[in-house]
Amino acid sequence: MAFDTIIANVRLPGHDGLVDLAIAAGRIAAIAPDLPGDMPRWDAGGALAFPGFADSHVHLDKACILDRCAICEGTLTEAIQQTAAAKAGFTTENVYARAKTVLEKAILHGTNRMRSFVEVDPRAGTRSFEALTALRQDYAFAVDLDICAFAQEGLTQEMATYDMLDACLGQGAQMVGGCPYADPDPERHIALIFDLAQKHGTDVDFHLDFDLDPTGSAIPAVLRETEARRYGGRVSIGHVSKLSAMAPEEVSRIARRLADAGVALTVLPATDLFLMGRGQDRLVPRGMAPARILHEEGVVTTVATNNVLNPFTPYGDASLARMANLFANVAQISREGDLAAAFAMVTDEAARLMRVPEYGIAVGGVADVVLIDAPDAASAVREVAPVLAGWKAGHQTFERPRARLIQG
Ligand SMILES: [Zn+2]
């Protein structure tokens with residue numbers, strides 16, 4: 001049988017020992033040990049093969065703006081204000097250049113699916129949306145980029161934003177996102193974002209409950225709208241740091257409601273750790289939603305990058321292996337199964353949240369393959385294992401050879 005390429009000597013869950021992956025016409029044509037043939041061969045040397053990282057929550061439009069902002073307090077309010085001032089000066093070319101830097105890093109860290117928010121409002125105009133639309137096309141060879149037109153600065157007090165979101169959805173934005181905590185009328189904000197989603201038939205994603213007060217959650221409003229509009233499976237919420245201030249029994253109760261309604265949740269460790277608990281001068285709370293409990297109660301739970309090098313998160317390299325490790329460290333998990341779940345939060349679970357139509361390495365399936373230098377998923381998280389190479393629909397998209405010791 002003729003294959004285009006063989007990725008030789010990979011570890012693959014469900015298979016004993018090392019196997020070869022044969023690729024033909026962009027699909028996995030065979031999985032077996034020692035496949036014969038003289039087609040091009042890439043020796044994985046025992047690395048773990050998986051379908052690639054999926055980053056379910058990134059802001060490419062406002063990445064890499066530390067040179068335009070000052071961070072004095074390190075609070076959410078300051079981050080929103082600083083970014084609002086900076087984005088008035090964004091040009092399409094500038095957004096494209098900064099977003100490209102982060103997207104290329106993500107690809108080189110093994111990410112081949114991403115959901116990026118893009119702020120659309122009277123200050124940003126539609127310039128950032130236009131930049132990401134061009135980027136999406138230019139990098140389609142390596143990454144499936146979903147663009148979420150996003151109201152970061154409220155809606156009901158500035159309905160011009162609503163019309164601009166509507167226009168972007170009409171021009172190809174894959175989905176719509178809201179931020180009720182930044183709106184004077186959070187419940188109406190949620191309803192309006194759902195209106196836009198329904199009008200355009202898209203999924204919906206909310207930045208939600210981003211503080212440490214256990215009261216006043218917007219989750220009931222999101223659940224109500226999700227159920228009333230029969231939108232289960234198409235709704236996700238991010239941050240939800242209020243959950244970190246609640247008793248575990250209360251978190252479990254809410255988690256069961258989210259799972260039943262089909263609302264997924266994304267934890268954003270880097271931003272939550274940086275912005276939360278600024279009022280305290282010691283024993284600073286972690287402020288990270290207890291993802292392990294949510295996952296165990298059946299909520300589709302993911303971990304994602306959020307921001308890179310801006311006032312929300314002045315760090316970042318777009319590596320999801322590193323983010324899964326940060327999450328695991330902060331969540332104080334150590335068991336094999338919990339670490340494997342952390343890996344799933346940046347792979348399978350994220351693909352579920354993003355409703356990726358095909359995800360998994362199987363004969364007949366699309367040949368999206370990333371190699372990571374670890375024996376299994378839990379080890380990849382423990383060690384922040386480096387990725388070595390990736391293929392998208394059968395075409396190799398990057399290579400990152402193993403580091404080599406030079407002696408003498
Ligand atoms: Zn975000």
Side-chain angles (χ1 to χ4, degrees), residues 54-65 69 71 74-84 86-87 95 98-99 102-103 106 111 113-121 124 128-129 132 145-155 161 165 173-183 186 189-190 193 203-211 218 222 235-244 263-276 287-289 291 301-316 318 320 323 326-327 345-346 350 353-354:
D55 209 332
S56 62
H57 186 132
V58 189
H59 296 262
L60 291 177
D61 57 332
K62 58 184 176 188
C64 309
I65 56 168
C69 299
I71 304 176
T75 59
L76 175 60
T77 306
E78 180 186 67
I80 292 175
Q81 283 168 352
Q82 286 285 317
T83 308
K87 76 183 173 188
V95 173
R98 289 183 290 99
V102 176
L103 191 62
T111 294
R113 294 173 179 86
M114 182 183 280
R115 171 182 291 179
S116 177
F117 295 84
V118 61
E119 292 180 27
V120 176
D121 55 45
S128 298
F129 171 69
L132 291 203
L145 177 63
D146 286 349
I147 299 175
C148 180
F150 174 51
Q152 167 76 74
E153 295 178 48
L155 200 54
T161 299
L165 292 170
Q174 280 69 45
M175 53 181 303
V176 62
C179 190
Y181 65 71
D183 197 296
H189 181 106
I190 291 167
I193 294 292
D203 292 2
V204 59
D205 195 323
F206 292 101
H207 286 57
L208 211 76
D209 286 4
F210 197 13
D211 60 58
V222 170
V235 181
S236 44
I237 54 179
H239 294 295
V240 207
S241 46
K242 275 183 188 293
L243 293 173
S244 72
V263 176
L265 188 145
T266 297
V267 180
L268 303 158
T271 303
D272 298 348
L273 287 167
F274 183 69
L275 293 179
M276 293 292 98
M288 200 177 78
T301 308
T302 76
V303 167
T305 297
N306 201 29
N307 283 291
V308 177
L309 303 176
N310 72 13
F312 295 85
T313 315
Y315 321 111
L320 283 176
M323 199 53 64
L326 177 66
F327 159 73
M345 289 178 194
V346 288
L353 180 147
M354 293 162 74

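Note that ligands are numbered from 1 as they come in the structure, with each ligand's atoms numbered from 1 the same way.
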### Query
Roughly how far apart are Ser241 OG and Phe210 CZ, rounded to 0.5 Å?
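Rounded to the nearest 0.5 Å, the OG-CZ separation comes to 5.5 Å.
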
### Task
Could you confirm whether His239 has any N/O/S atom lying under 2.8 Å from the Zn ion (ligand 1)?
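Given the 2.8 Å cut-off, His239 does not count as a ligand of the Zn ion (ligand 1).
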
### Task
Please confirm if an N, O or S atom belonging to Asn306, backbone or side chain, lies less than 2.8 Å from the Zn ion (ligand 1).
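Within the cut-off used here (under 2.8 Å), Asn306 does place an N, O or S atom near the Zn ion (ligand 1).
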
### Task
For the Zn ion (ligand 1), find the closest N/O/S atom on His207 and give its atom name.
NE2

### Query
For the side chain of Asn310 and the backbone of Thr313, is there at least one donor-acceptor N/O pair under 3.5 Å apart?
yes

### Task
Output, in order, the C-alpha distance, side-chain angles, deciding distance and verdict of salt bridge (Lys or Arg N to Asp or Glu O under 4.0 Å) for Lys87 and Asp121.
CA-CA 10 Å; Lys87 76 183 173 188; Asp121 55 45; 2.7 Å; yes

### Query
Relative to each other, are the rings of His59 and Phe312 parallel, tilted or perpendicular (30° and 60° limits)?
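Parallel.
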
